[in-house]
Amino acid sequence: MSSADAAAEEARLVARAAAGDRAAFAALVQGHQGYLRKLLGRICRGDQGRADDLAQEAFLRAWRALPGFRGEARFRTWLTRLAYSALSAERPALPTHEAADEADEGVASDFAPGTDWRLDLDRALATLSEAQRHVLLLCYGADLSHAEAAQVLGWPLGTVKTQVLRAKARLRDHLQAWGPQP
Amino acid sequence: MNTSELHLDPLDTQLRQLLQGGDELADAGFSLRVMAALPPRVSAARRRRARWLRRAHWLAMSLAGSGAAALLAGAGAPQDPAHVIGGLVLIGLLILWTLPSRWLRP
């Protein structure tokens, strides 16, 4: 199935689910649960039980809000936004865009360079601020555009772009300091 | 990230590989769990009807309260039995209407 066909099929499922068709909603859940649970698992730093609870809450919110969904964003982006709403309801300390602009200090780390670039990069990611981690998870992990990540986080587009650039600059600094440049 | 935002930057590629790495989780009953937790969908018409019923309910309670107060007002004055009965009936209705009713829930 081409991406256009898949998008059209998804739009049909969304319309049917919005009208109250539970089977269509079940198909949407099955289609997106893997993506959402994986993303939330990363956000929750591997606590998959909590990630699954958040994913379930996001789907419940989606079911309630679907009649008002006008399709301005992709269903996946909208669902991710609902998951972030559930996350911020549970953890109000989720970074706001004002905090994202201010918090650029990151987390101190005293680790040594690893031989595997994945290991190095994973460790370098641990030094980022929460805001930078979230923005990279959305833009690279969830493959959202900057505009979609801005919608999900509720930040201005410029803040997202700035945070991505700062996060990458910080990663580069760490990786250059530890060994061969990626 | 969309193709338009792609750069030929090795760090971008490595970030994508790392953060998208690993298979998506198998469903393993998750969908069933979500579907079991879904609340019934309430139609807009039903929500509207419940809203109007709630308003009518509050109006009836206010009228009953005011009517009972008007009928039983005048401490010390001799009360007409019909007024007393009317006042008590309104108080009874007021108590009845304050009981929760599942018909008022959307």
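All heavy atoms count here, side chains included; hydrogens, waters and symmetry mates do not.
Residue A:Lys168 holds its NZ atom at 7.5 Å from CG of B:Leu15, rounded to the nearest 0.5 Å. To the nearest 0.5 Å, atom CD of residue B:Gln14 and atom CG of residue A:Asp122 are 12.5 Å apart. Going from atom CE of B:Met35 over to atom CZ of A:Phe25 covers 6.5 Å, rounded to the nearest 0.5 Å. To the nearest 0.5 Å, the span separating OH on A:Tyr140 from CG on B:Leu18 amounts to 12.5 Å.
Residue A:Asp143 comes nearest to B:Arg16 through the heavy atom pair OD1-NE, 4.0 Å, listed as atom of the first residue, atom of the second, then distance. Smallest separation of non-hydrogen atoms from B:Gln20 and A:Lys38: O-NZ, 2.8 Å. When every heavy atom of A:Leu60 is checked against every heavy atom of B:Pro39, the shortest pair comes out as CD2-CD, 4.2 Å. Considering all non-hydrogen atoms of both residues, B:Ser31 and A:Gln30 come closest at OG-CG, 3.2 Å.
Of the options A:Leu39, A:Leu138, A:Leu137, a side-chain contact (heavy atoms from CB on, under 4.5 Å) to B:Leu19 is made by A:Leu137 and by none of the others.
When each of B:Leu38, B:Leu32, B:Leu25 is checked for heavy-atom pairs under 4.5 Å with chain A, B:Leu38 comes out on top. Of the listed residues (A:Leu66, A:Leu125, A:Asp52), the one with the most heavy-atom contacts under 4.5 Å to chain B is A:Asp52.
Contact of A:Ala55 with chain B is made through backbone and side chain together, with heavy-atom distances under 4.5 Å. Of the atoms belonging to A:Ala58, not a single heavy atom falls under 4.5 Å from chain B. Contact of A:Asp53 with chain B is made through backbone and side chain together, with heavy-atom distances under 4.5 Å. Heavy atoms closer than 4.5 Å to chain B are found in the backbone of A:Ala19, but not in its side chain. Residue contact with chain B, scored on non-hydrogen atoms closer than 4.5 Å, involves the side chain of A:Gln48 exclusively. Within the 4.5 angstrom heavy-atom criterion, only side-chain atoms of A:Leu171, from C-beta onward, approach chain B. A:Ala27 does not touch chain B: none of its heavy atoms, backbone or side chain, sits under 4.5 Å away.
Put simply, B:Leu94 and B:Leu63 are part of two different groups of oily side chains (I, L, V, M, F, W, Y) that touch within less than 4.5 Å, one to the next. Note on B:Trp97: it clusters hydrophobically with B:Trp58, by side-chain heavy-atom contacts below 4.5 Å among ILVMFWY residues.
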Can B:Val34 and A:Gln33 be said to form a side chain to side chain contact (heavy atoms under 4.5 Å, CB included), step by step? CA-CA 10 Å; B:Val34 171; A:Gln33 61 83 25; over 6 Å; no
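Formation of a donor-acceptor pair under 3.5 Å by the A:Arg37 side chain with backbone atoms of B:Ala26 is found in this model.
Under the side chain to side chain contact (heavy atoms under 4.5 Å, CB included) criterion, B:Ala45 pairs with B:Ser43, B:Arg48, not counting sequence neighbours.
Listed by first then second residue, pairs satisfying salt bridge (Lys or Arg N to Asp or Glu O under 4.0 Å) with a partner in residues 81-100 of chain B number zero, not counting sequence neighbours.
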